[in-house]
Amino acid sequence: MILNRLEELKIPFEDCRGQSYDNGANMSRKNKGVQARLLEPNPRGLFVSCVGHALNLVVADAAKGSVDATSYFGILQKLYNLFSVSTQRWASLKKHANITLKMWSETRWESKSNSVEPLRYQASAVREALIEVRHHTKDSVIKIEAQSMSEEVRSYRFSICTVVWYDILNQTHHVSKLMQSPNMHVDVEVNLLKKTERGLLNYRATGFASAQMSAKDMCEDMNVEAVLQQKRLRSTKRHFSYELFDEPLSDALKKLEVTFLMLLLMLQCLPSKRDSPHWKMWERNLKY
């Protein structure tokens, strides 16, 4: 279809010196992807993957390593479903909050940034809407779900995750949007990517402390105590006498920092994790 369209426009394909698409397998695959098919008639059509898409995939790969990181968006999806299926519940949400919840997409990470924003700045209003739904609904299932969601939104753990996700997604979202501009220059793009990497590295060092402070302010707005509940620690059975006991993290805040923030940023910080194909793609385009 591409070749036919070029022929209709009277653009000779032999003059092509570059091609670029997103990083989906059907487009970027080495053997049967679109870029490989087009390299057969013209080997000089160098393929360059989409750097903005690769940036999103780096964050997506990092998030898969943390249970707290991935389950957070499951909670956001439940919130959206609870309000969106009923016009009365949606009206209740709009009465309390100035901005509405956004549905997130697995492939468009900017939608995730939009979905976190209401909980970052209006968590108290969303919780009030949930409490109102619980009081007015006659459906016992909805009543229990609204109660469960209100308890989740008010928790210190959820507030910390909200702040961390919002800060990280804001950095990558801003850069991703700028790189989609038709007026973007390569040197500016490289500087943006390097600046983003430095920002994420700095956030790894100091971000969790600042996230705790912001989360405490969110808890104060909801009149709840900022206390992180420790999850039950599960011990691992030893099969041999010479095996050492596991040393689980007993401090709840430290455990959340290690299992959530550190894992979320590991691709940017640990050289051993740079074997990810998405990281290599991003690094290769950074050098290019």
Could you go through Gln19 and Leu39, starting from their C-alpha distance and side-chain angles, then the distance that decides it, and tell me whether this counts as side chain to side chain contact (heavy atoms under 4.5 Å, CB included)? CA-CA 9 Å; Gln19 50 177 321; Leu39 282 173; 3.8 Å; yes
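- With contacts defined as side-chain heavy-atom distances shorter than 4.5 Å, the pair Leu178/Val188 does not qualify.
- Look at Lys194 and Glu197 and you find no salt bridge, because none of the NZ, NE, NH1 or NH2 atoms lies under 4.0 Å from a carboxylate O.
- Between Thr196 and Gln171, the shortest heavy-atom contact is O-OE1, 4.1 Å.
- Using a 4.5 Å heavy-atom threshold, the side chains of Glu152 and Leu79 count as separate.
- Taking Phe158 as the reference, Tyr72 meet the ring pair (Phe, Tyr, Trp, His ring centres under 6.0 Å) condition, with sequence neighbours excluded.
- Contact annotation: the side chain of His96 never approaches that of Val126 to less than 4.5 Å [non-hydrogen atoms, C-beta and beyond].
- Summarising the geometry, atom CE belonging to Met218 is positioned 9.5 Å from atom OG belonging to Ser155; distances are rounded to the nearest 0.5 Å.
- When every heavy atom of Val163 is checked against every heavy atom of Tyr203, the shortest pair comes out as O-OH, 4.0 Å.
- When atom types are taken as modelled, the side chain of Ser148 and the backbone of Ile144 share no donor-acceptor pair closer than 3.5 angstrom.
- Note that CD of Glu225 and CD of Glu220 are 11.0 Å apart. Values are rounded to the nearest 0.5 Å.
- Each of Ile131 and Leu119 belongs to its own hydrophobic cluster when Ile, Leu, Val, Met, Phe, Trp and Tyr are linked at side-chain heavy-atom distances under 4.5 angstrom.
- Atom CH2 of Trp165 sits about 15.5 Å away from atom CD1 of Ile160, to the nearest 0.5 Å.
- Heavy-atom contacts from other residues, nucleotides or ligands closer than 6.0 Å to CD of Gln147 number more than 12.
- The CZ atom of Arg127 sits 13.0 Å away from atom CE of Met149, with the distance rounded to the nearest 0.5 Å.
- Side-chain contact check for Lys216 versus Tyr156: some heavy-atom pair is nearer than 4.5 Å.
- Side-chain contact annotation: Gln77 with Asn81, donor-acceptor N/O pair under 3.5 Å present.
- Note that the CG atom of Asn98 and the CD atom of Gln122 stand 4.5 Å from one another [nearest 0.5 Å].
- Atom-to-atom distance recorded for Ile142:CD1 and Arg89:CZ is 4.0 Å, nearest 0.5 angstrom.
- For Leu76 against Ser115, the heavy-atom pair with the smallest separation is CD1-OG, 3.7 Å.
- Side-chain atoms of Val133 and Phe83, non-hydrogen and from C-beta on, do get closer than 4.5 Å to each other.
- Other residues sharing the hydrophobic cluster of Met27, ordered by chain and number and joined by side-chain separations under 4.5 Å: Ile2, Leu3, Leu6, Leu9, Ile11, Phe13, Tyr21, Val34, Leu38, Phe47.
- Among pairs with a residue in residues 131-147, those fulfilling salt bridge (Lys or Arg N to Asp or Glu O under 4.0 Å) read Lys95-Glu132, at least two apart in sequence or across chains.
- Under a cut-off of 6.0 angstrom, the local environment of CZ in Arg5 is sparse, with at most 12 non-hydrogen atoms contributed by other residues, nucleotides or ligands.
- Closest approach of Met222 to Val153, counting heavy atoms only: CE-O, 3.6 Å.
- Checking side-chain atoms of Asp167 against main-chain N and O of Gly207 turns up no donor-acceptor pair under 3.5 Å.
- Of the possible polar contacts, none joining the Ser214 side chain to the Ala211 backbone as a donor-acceptor pair under 3.5 Å is found.
- Residues His136 and Ser92 form no side-chain contact, since every pair of their non-hydrogen atoms from C-beta on lies 4.5 Å or further apart.
- For the salt bridge (charged side-chain N to carboxylate O under 4.0 Å, His left out) test, no residue two or more places apart in sequence or in another chain qualifies with Glu40.
- In terms of the salt bridge (charged side-chain N to carboxylate O under 4.0 Å, His left out) criterion, Arg44 has no residue partners (sequence neighbours excluded).
- By the 6.0 Å contact criterion, CD on Glu151 is enclosed, its count of non-hydrogen atoms from other residues, nucleotides or ligands being greater than 12.
- With contacts defined as side-chain heavy-atom distances shorter than 4.5 Å, the pair Asn170/Val116 does not qualify.
- For Arg120, the salt bridge (charged side-chain N to carboxylate O under 4.0 Å, His left out) test picks out no residue, with sequence neighbours left out.
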